[in-house]
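Notes follow the structure.
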Amino acid sequence: MVKGKAWLGVLLMLLLAGCAARSTAREERADPLPWPEGSQTLYVSADLHWQDSSDLRPSQIPWLEEILRTLLDQVERDRPEALVLCGDLTNSGRLEEHQTLAALLEETRAAGVNIFVTMGNHDLDRDLPPETLEELYGAFGWDQAIRRDEGTMSYLVPLTDELWLLSLDCNVYGDRDSTMAGVIEEETLAWVEECLELAKEKGAMVVPFSHHNLLIHNLNGDGRSYNIEGGEELRDLLLSFGVPLYLSGHRHNSFLAEAETEAGKLTEVVTGLPSSFPQTHGSLTFQGDGTVNYALKSLDVSAWAKSEGRTEPQLLAFSAWTEEENRKRLAEIAARVVEGMEVPRDQGEEMEGFFLDFYTCYQGHGLWREASRLLADPGLSLWKAHAKENIYARWMPWILENQTNDAPEQILGPFR
């Protein structure tokens with residue numbers, strides 16, 4: 001019998017050998033998953049945060065159902081291969097919220113549209129077991145699944161013969177400290193690898209999606225994480241199979257992040273919530289030349305309202321109204337934050353102006369065009385001087401230096 005430190009040494013060698021063998025196997029996997037032939041389109045949204053209108057806070061847009069119906073109406077008209085919803089379907093995870101939302105989604109599914117969902121941290125109620133959610137949303141993924149993970153609500157579903165979807169439940173269960181961050185355990189990673197091997201055998205490309213984020217694109221040191229613990233291993237596994245895209249939400253804004261190794265390139269498409277200005281959803285079209293057309297499509301709530309015979313002034317001029325409401329909200333936030341920082345009035349006014357300028361670009365997906373100008377703005381230097389005491393003073397510079405790939409129309413790839 002091996003004892004003491006010797007036993008620990010043997011165990012460590014076995015673990016390292018196992019990791020090395022798995023890593024080597026992934027690096028040596030020469031043939032990526034096959035690219036779909038022809039053109040195939042996915043629509044993507046996230047963070048619906050469905051709730052009853054009576055539960056909305058004064059700062060929230062009161063037209064949540066109208067925005068969602070606009071999205072579903074657009075999906076019915078455009079007929080993509082599927083609408084993918086990346087979690088936080090509801091705001092508090094109450095059964096009543098899930099029941100109402102599932103009924104709304106069912107109207108669109110019954111009209112012949114494929115809808116697939118995953119759960120986010122807001123969807124989980126400790127009194128509501130996962131089995132209830134799987135049954136309630138069965139028609140939106142679990143009923144069609146050809147593989148289901150035993151330990152999570154993850155599933156694999158063939159959308160077409162050439163394009164499969166992998167829904168990953170990375171939520172934290174039990175006594176973990178934070179539900180903002182996600183997690184993927186070794187058992188689920190092994191299950192993902194089995195799914196990818198099956199897809200390769202059947203000649204299909206796989207698009208994975210989750211609520212939590214895969215790649216690192218949040219401010220270091222802000223005390224919060226939106227990412228998946230164990231995400232590095234998942235990233236490397238997906239890259240080893242030549243998976244080109246990963247879909248997620250959680251951040252309430254839309255942008256792209258990339259990882260590239262010798263095995264290939266992986267683009268994470270993060271999609272914002274449709275209820276916030278400027279009300280968009282994502283569109284991804286696989287092209288036969290190994291590229292993906294990416295676009296953020298606007299939701300025309302006013303056109304939907306007119307088609308439904310609605311007469312409310314806010315709905316009939318929705319884009320202009322929400323833009324003005326959003327600008328007023330940002331100005332109020334800037335004034336409140338700066339007021340608590342004890343800076344001279346002239347500097348405070350300049351800082352408020354920069355804050356409003358930055359967020360207008362950030363929310364409007366214009367950082368790809370305006371980042372250089374904003375980085376050179378004297379107002380940013382004033383914010384940086386307060387980095388120790390204020391999260392915005394750390395966060396805005398970090399975004400401008402690390403996260404400006406937000407152009408609303410791009411050609412991604414080539415991945416082949």
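- Put simply, the residue from Glu308, Glu76, Glu107 that forms a salt bridge (Lys or Arg N to Asp or Glu O under 4.0 Å) with Arg69 is Glu107.
- In this structure, Asp78 places its CG atom where more than 12 heavy-atom neighbours from other residues, nucleotides or ligands lie under 6.0 Å away.
- Checked by atom type and distance alone, the side chain of Asp169 never pairs as donor or acceptor with a backbone atom of Ser154 at under 3.5 Å.
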Candidate pair Leu165 and Leu42, rule side chain to side chain contact (heavy atoms under 4.5 Å, CB included), full reasoning:
CA-CA 10 Å; Leu165 297 176; Leu42 300 174; 4.1 Å; yes

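- At a threshold of 4.5 Å between non-hydrogen side-chain atoms, the residues Met205 and Pro244 count as touching.
- For Glu150, the CD atom counts as loosely surrounded, since its 6.0 Å shell holds 12 or fewer non-hydrogen atoms of other residues, nucleotides or ligands.
- Residues Tyr155 and Asp149 fail the side-chain proximity criterion, which asks for heavy atoms closer than 4.5 Å.
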Apply side chain to side chain contact (heavy atoms under 4.5 Å, CB included) to Trp395 and Phe358, showing your working.
CA-CA 11 Å; Trp395 188 74; Phe358 168 85; 3.6 Å; yes

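- Judged by distance alone, the side chains of Glu229 and His212 never bring a donor and an acceptor atom under 3.5 Å apart.
- Between the CG atom in Leu238 and the CD atom in Glu233 there is a gap of 11.5 Å [rounded to 0.5 Å].
- Contact of the Cys361 side chain with the Glu370 side chain is registered, since non-hydrogen atoms from C-beta on lie closer than 4.5 Å.
- Of the possible polar contacts, none joining the Arg147 side chain to the Leu166 backbone as a donor-acceptor pair under 3.5 Å is found.
- Glu81 and Thr160 are not linked by any side-chain donor-acceptor pair at a separation below 3.5 angstrom, with hydrogens and angles left out of the test.
- Between Asn171 and His211, the side chains place no donor N or O within less than 3.5 Å of an acceptor N or O (distance only, hydrogens not considered).
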What do the steps show when you test Phe354 against Leu382 for side chain to side chain contact (heavy atoms under 4.5 Å, CB included), and what is the final call?
CA-CA 10 Å; Phe354 179 86; Leu382 295 176; over 6 Å; no

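- Heavy-atom neighbours of Ile411 CD1 from other residues, nucleotides or ligands within 6.0 Å: at or below the threshold of 12.
- The closest donor-acceptor contact from the side chain of Gln144 to the backbone of Ala139 lies under 3.5 Å.
- Under a cut-off of 6.0 angstrom, the local environment of CD in Gln99 is crowded, with over 12 non-hydrogen atoms contributed by other residues, nucleotides or ligands.
- Comment: Glu323 does not engage Arg327 in a salt bridge, judged by the lack of any side-chain N to carboxylate O separation of less than 4.0 angstrom.
- Side-chain N or O atoms of Ser45 include none that pairs as donor or acceptor with a backbone N or O of Leu85 at under 3.5 Å.
- Ser248 pairs with exactly one of Asn213, Asn227, Thr271 by the side chain to side chain donor-acceptor pair (under 3.5 Å) rule, that one being Asn213.
- Distance OG/Ser276 to CZ/Arg329: 8.0 Å, rounded to 0.5 Å.
- In this structure, Leu168 CG and Leu234 CG are separated by 6.0 Å, a value rounded to the nearest 0.5 Å.
- Relative to the six-membered ring of Tyr43, Lys297 misses at least one condition, a distance below 6.0 Å or an angle of at most 45° to the axis.
- A salt bridge links Glu325 with Lys328: at least one charged nitrogen is closer than 4.0 Å to a carboxylate oxygen.
- Trp191 contributes atom CH2, which lies 6.5 Å from atom OG1 of Thr152 (distance to the nearest 0.5 angstrom).
- Between the side chain of Glu197 and the backbone N or O of Glu193 there is no donor-acceptor pair closer than 3.5 Å.
- Between the side chains of Thr285 and Gln40, not a single donor N or O lies within less than 3.5 Å of an accepting N or O.
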Decide yes or no on salt bridge (Lys or Arg N to Asp or Glu O under 4.0 Å) for Arg235 and Glu268, but give the supporting numbers first.
CA-CA 10 Å; Arg235 175 203 62 200; Glu268 180 171 11; over 6 Å; no

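- With respect to Glu106 and Arg109, a salt bridge is recorded, a charged nitrogen being found less than 4.0 Å from a carboxylate O.
- In this structure, Phe415 and Thr291 have side chains that are not in contact, with every pair of non-hydrogen atoms separated by 4.5 Å or more.
- Centroid-to-centroid, the aromatic rings of Phe277 and Trp321 stay 6.0 Å apart or farther.
- Using modelled atom types, one finds no donor on one side chain facing an acceptor on the other under 3.5 Å when comparing Asn253 with Gln363.
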Criterion side chain to side chain contact (heavy atoms under 4.5 Å, CB included) on Leu266 and Glu258, from CA distance to verdict
CA-CA 6 Å; Leu266 173 67; Glu258 292 185 346; over 6 Å; no

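- Environment of CZ in Arg77: crowded, with over 12 heavy atoms of neighbouring residues, nucleotides or ligands closer than 6.0 Å.
- Looking at Glu66, its side chain never comes within 3.5 Å of a backbone N or O of Val301 through a donor-acceptor pair.
- Within the 4.5 Å cutoff, no side-chain heavy atoms of Trp383 are placed close to those of Pro397.
- A distance-only check finds no donor-acceptor pair linking the side chain of Asn326 to the backbone of Thr322 [under 3.5 Å].
- A donor atom on one side chain and an acceptor atom on the other are found under 3.5 Å apart for Tyr137 and His98.
- Side-chain contact between Met119 and Leu133: present, with at least one pair of heavy atoms (C-beta onward) separated by less than 4.5 Å.
- For the pair Thr132 (side chain) and Leu128 (backbone), a donor-acceptor distance under 3.5 Å is absent.
- Within the 4.5 Å cutoff, the side chain of Gln287 has no heavy atoms near those of the Val292 side chain.
- Annotation: side chain of Tyr362 is in contact with side chain of Gln403 (closest heavy-atom distance under 4.5 Å).
- Note that OG of Ser283 and CG of Leu296 are 9.0 Å apart. Values are rounded to the nearest 0.5 Å.
- Side-chain contact of Tyr246 with Ser210: a donor-acceptor pair under 3.5 Å is present, judged by distance alone.
- The backbone N or O of His252 sits nowhere less than 3.5 Å from a side-chain atom of Asp47 that would complete a donor-acceptor pair.
- Listed for the Thr188 side chain is no donor-acceptor partner under 3.5 Å among the backbone atoms of Ile184.
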Determine, stepwise, if the pair Gln410 / Asn405 fulfils side chain to side chain donor-acceptor pair (under 3.5 Å).
CA-CA 10 Å; Gln410 299 187 46; Asn405 190 5; 3.0 Å; yes

